[in-house]
Amino acid sequence: MSARLPDKPTIDGIEQRWVEVWEESGTYRFDRTRPRDEVYSIDTPPPTVSGSLHVGHVFSYTHTDCIARFKRMRGYTVFYPMGWDDNGLPTERRVQNYFGVRCEPSLHYDPDFTPPEKPDPKNQVPISRRNFVELCEQLTVEDEKAFEELWRRLGLSIDWTQTYQTIDANARAVSQRAFLRNLDRGEAYQAEAPTLWDVTFRTAVAQAELEDRERPGAYHRIGFPRSNGGDPVFIETTRPELIPACVALVAHPDDERYQPLFGTTVRSPLFGVEVPVVAHALADPEKGSGIAMICTFGDLTDVTWWRELQLPTRPIIGWDGRLTQETPAWIETEAGATAYSAMAGKTAFSAKEAIVEMLREGGDMVGEPREITHAVKFFEKGERPLEIVTTRQWYLTNGGRGAELRGQLLERGAELHWHPSHMKVRYDNWVEGLNGDWLVSRQRFFGVPIPLWYPLDSDGNPVYDRPITPDDADLPVDPSAEAPRGYDEGQRGKPGGFVGDPDVMDTWATSSLSPQIAGGWSRDEDLWSRVFPMDLRPQAHEIIRTWLFSTVVRSHLEFDRLPWSDAAISGWILDPDRKKMSKSKGNVVTPMGLLDEHGSDAVRYWAASGRPGTDTAFDVGQMKIGRRLAIKILNASKFVLAFDPVADASAVTAPLDRAMLAELAETVRQATEAFEQYNYTRALELAETFFWSFTDDHVELVKERAYGGQGDDAAASAKAALAIALDVQLRLFAPFLPFVTEEVWSWWQEGSVHLQTWPSADELGTVAADGDRRTVADLAVALSAVRKAKSEAKVSMRADVSDAVVRGPAESAARIQTAAADLCAAGRIAELRFESTDGPIEVAVTLA
RNA sequence: GGGCGAUUAGCUCAGUGGUAGAGCACUCGCUUCACACGCGAGGGGUCACUGGUUCGAACCCAGUAUCGCCCA
């Protein structure tokens, strides 16, 4: 077949053309008729669509795509779906601002609702949850389009018929079904318990969403009078406003200073509440005065003490972060009640100011507060310190409270193939450090509702321990808008009626089901049987503790197996100054702008140069190199194909041609091995190294022979070898540079290069088998020596050489001699002689 | 405070016991019939530091420093 070659090949604008062809031809369509062992399935990370496009996305998604393309060429049909994470707070907040609405779950659905024309953020229109969710879906569709356009342009080989949203009906149904099955098996349970609570968002916060922030604080030294007289006991606290919530004082059991006090009682200053002095190993003798007050609750240590020492609960902080209005029942003295009333209804901050003033006046506080800096727990998206309040919440077992499950989950972590392997440690550390089960309920609106109702007793109180579950066929349900079977909507909130669970699930409770959602669990069992357990979970390392871990938990509980066999953990993009690339900087360089400027293949080349799990600098220079490579592939291919070569292995007779193909076979072998181990970077590097030596040396050496300078058979050998090498190299580069390889492939081959078989050493067969790779290396040395002579003489490479003497080991000389005519032609050498020596190969060149 | 990773040429990075590598940048050349978005040649390193193991260490061990990330 004769190749159709462009005069001036270019990579500019080729993306658009091939994106269209791939879509029309269904090049990347998943073949769902193939059995599980012929499928390679990928649990694609659903990007947060309300977040902005960032070069980090381009980086990590390219890695996955390279693997997907490799596996496809290895003969698998690749299940490569795309999900959109439109769940959670970021979307909720965007919708509030964008439409000027707020969610009011008590309202009924209004099918005719239209958002205000001029949104007023200060006067948001209350709407039902269902209306709110509809607006969320409406807005996220726009965001998804921007992502899809970028992904296509980047050349991701996603099957665009397989998409999902984490808030769509299927995802909601899957989340609810999985939750109900957890409930059936006793893995989901509700508990009234101290919960980390964000007072701004008024929602419970899970361990995985916490972060510590350094904040200024101050130790207040405060005396607690002893009930049986004697000197007061001095504690130091950063939170004096919690004195009304004090339930005990605690010191280390070995602390001799306080041992005499254990078993006695003291009274809280101002409030006169009698509390015991107790011993616990967690009390730090070095901290403050060595004796601390336990409040319900000031921090997580308080919770531990409270639980292990079985202390009473005396909460004073409400869901809004303010002290309760009413004087707590345990404050019995009139003076205490007066003192409390000075704090009631205030925020923790104001209450602290008030109590410090009172303590100072009453002489209960010694000296001035001593300023310190300490770590305070925050919701990662919040701006005020977390409080701990007692609420009724839903939990899911995750090994945080049971050694047996924890052991099983650690076992799962060991079963998983991690790329790179050291990432497993992060999983282990996280699982070993869990201190409670997974809190899955959230007091938010946009999310998957907890699919439960509770009956109301004759007094109208919910009976929480007898939840009403929906029928599986009714999923997904919205308990705030729909009545359970057997009830009608009129009974909502009425004694003897029902009430819906007002909460939604944690966003991870849905994301953790991404294999189930994308793979058709409980919806399309045929599909599910072909894709699960999946092969690959690609993701970033900072969400090992959240997304990866929670997905393992759900799969372990539901299927008693890992959700995938391999996890490929990508690194970060760093600024050139080695700092994690900031959002603002990342947004200055827009991904689409990069693709426009350098070309998709070039940007992919840069991304693929970041090894799995390794943080990589944002480096435009690397993109330029990628661009140069892509252009070189075009030009070299055009040159080779201009010979109208036939890739006939039997024509390859010249030793140099065979040696070159042997070298290529070795490259293929190593690249395949690297790719199988998810080391795409190494595979690219190998292909690239071969390619440059192919164009710089081999092509130059055989050029004249290919033109017919040594006869027809010699020319046929050169041309056939060039064609075979080009064919193989295009396939080696195809996973990395999908556009340019497809472009060249289209010049002379049928079909898409991306549906060809990945090259193997076997296909190069006997031609390569008896080729001697050392010939390539020896000739490169000799050619380089000739070039050096010309370069030093500052003459053109076309300058004639009257005489060249190759000195070196007899073996090398013999190998060079097999291609003597090629060397003479490439070096324009009139007379070539050989001398045997013990040293390395040298060439004495005499210019004409 | 604990864990993980990194530290190699001006820059970005390969290199897991046997003479320090690539690309970029730099210098000097070359209109060469695929490519000047090109080609050729060259200079450039105490492999963070200190000890140890070894015939031999960038590589293995111990420690130190700096940077990054995760967790407390």
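To find a chain, count down the sequence lines: A is the first, B the second, and so on, and within it residues start at 1. Predicted model, so just to flag it, every value in this text is computed and none were measured.
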- Task: Give the B/S/- string for nucleotides 25-32 of chain B, one per nucleotide from 5' to 3', where a protein heavy atom under 4.0 Å of the base yields B, of only the sugar-phosphate yields S, and otherwise -.
- Result: ---SSS-B
- Query: When every nucleotide of nucleotides 14-20 of chain B is labelled 5' to 3' by its protein contacts under 4.0 Å (heavy atoms), B for base, S for sugar-phosphate only, - for none, what sequence of letters results?
  - Reply: S------
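Both distances falling under 3.5 Å, in either a Watson-Crick or a G-U wobble arrangement, place G40(B) opposite C28(B). Of all nucleotides present, none satisfies the Watson-Crick or G-U wobble test against C35(B) with each distance under 3.5 Å. Searching all strands for a Watson-Crick or G-U wobble partner of C69(B) with both distances below 3.5 Å returns G3(B). Using N1 to N3 plus N6-O4 or O6-N4 for Watson-Crick, or N1-O2 and O6-N3 for G-U wobble, each under 3.5 Å, C55(B) pairs with G18(B). With a cut-off of 3.5 Å on both pairing distances, the Watson-Crick or G-U wobble partner of C49(B) is G63(B). When both distances must be under 3.5 Å, the Watson-Crick or G-U wobble mate of G23(B) is C11(B).
Rounded to an integer number of Å, the gap from CG of D615(A) to P of C69(B) is 8 Å. As a whole-Å value, the separation of K287(A) NZ from G1(B) P is 14 Å. When the C1' atom of A72(B) is taken as reference, atom CG of D299(A) falls 13 Å away, rounded to whole Å. Atom-to-atom, CG of L434(A) to C1' of C70(B) comes out at 14 Å; the value is rounded to the nearest Å. Taking atom CZ of R627(A) as the reference point, atom P of C24(B) lies 16 Å away to the nearest angstrom. Rounded to a whole Å, the CG atom of L386(A) is 13 Å from the P atom of A72(B). In this structure, the CD1 atom of I625(A) is 8 Å from the C1' atom of U12(B), given to the nearest Å. Regarding L629(A), its CG atom lies at a distance of 14 Å from the C1' atom of A22(B), rounded to whole Å.
Surrounding CG of D12(A) are more than 12 heavy atoms belonging to other residues, nucleotides or ligands, all under 6.0 Å away. The number of heavy atoms from other shown groups lying within 6.0 Å of CD (E415(A)) is above 12. Around the CD atom of E676(A), the shell of radius 6.0 Å holds more than 12 heavy atoms that belong to other residues, nucleotides or ligands. Heavy atoms of other residues, nucleotides or ligands lying less than 6.0 angstrom from CD of E211(A) number more than 12.
Of the C1' atoms belonging to U19(B) and G5(B), the separation is 31 Å, rounded to the nearest Å. Look at the C1' atom in both G51(B) and A57(B): the space between them is 13 Å, to the nearest Å. Nucleotides G21(B) and A9(B), compared at atom C1', are 10 Å apart to the nearest Å. Taking atom C1' in both U66(B) and C49(B), one finds a spacing of 11 Å when rounded to whole Å. With C1' as the reference atom, U54(B) and C60(B) are 10 Å apart, rounded to whole Å. Taking atom C1' on both U32(B) and G40(B), the two are 10 Å apart, rounded to the nearest angstrom. G45(B) sits 14 Å from G15(B) when the C1' atoms are compared, rounded to a whole Å. Rounded to a whole angstrom, the distance from the C1' atom of A58(B) to that of C13(B) is 15 Å.
Checking A72(B), G40(B), C70(B) against the side-chain heavy atoms of R426(A) singles out C70(B) as nearest. The nucleotide whose nearest atom lies closest to any side-chain atom of R628(A) is, among U12(B), G23(B), C4(B), G23(B). Considering only side-chain atoms of V699(A), the nucleotide from C33(B), G3(B), A34(B) that sits closest is A34(B).
In this structure, K624(A) does not reach the C37(B) phosphate: none of its side-chain N or O atoms is under 4.0 Å from OP1 or OP2. Proximity of R213(A) to the phosphate of A72(B): no side-chain N or O atom is located under 4.0 Å from OP1 or OP2. Note on Y605(A): every side-chain N or O is 4.0 Å or more away from OP1 and OP2 of G23(B).
Between F733(A) and F739(A), the distance separating the two ring centers is not shorter than 6.0 angstrom. Taking the six-membered ring for Trp, F59(A) and F618(A) have ring centres at least 6.0 Å apart.
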Identify all side-chain donor-acceptor contacts of residues 632-642 of chain A below 3.5 Å with residues at least two apart in sequence or on another chain.
unit_1	atom_1	unit_2	atom_2	d
N635(A)	ND2	I631(A)	O	3.2
S637(A)	OG	I633(A)	O	2.5
K638(A)	NZ	D7(A)	O	2.7

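Taking the nucleotide of RNA chain B with the nearest heavy atom to each of S609(A) and D12(A), the more 5' of the two is matched to S609(A). Nearest-nucleotide mapping onto RNA chain B: of G621(A) and K788(A), the residue sitting toward the 5' end is G621(A).
Across all strands, T695(A) comes closer than 4.0 Å to base atoms (heavy-atom distances). Residue-level contact check: W606(A) touches neither bases nor backbone, having no heavy atom under 4.0 Å from any strand. The residue D428(A) sits apart from the nucleic acid: no heavy atom pair falls under 4.0 Å. The residue K8(A) sits close only to the backbone: its heavy atoms come under 4.0 Å of sugar-phosphate atoms, none of a base.
Geometric assessment of R406(A) against the ring of W430(A) yields a negative cation-pi assignment under the 6.0 Å and 45° thresholds. For the pair R213(A) and F378(A), the cation-pi criterion (under 6.0 Å, within 45° of the ring axis) is fulfilled.
K377(A) pairs with exactly one of V205(A), D299(A), L300(A) by the side chain to side chain contact (heavy atoms under 4.5 Å, CB included) rule, that one being L300(A).
Side-chain contact annotation: H598(A) with W606(A), donor-acceptor N/O pair under 3.5 Å absent. Defined by atom type and a distance below 3.5 Å, a donor-acceptor pair is missing between the side-chain atoms of T373(A) and R215(A).
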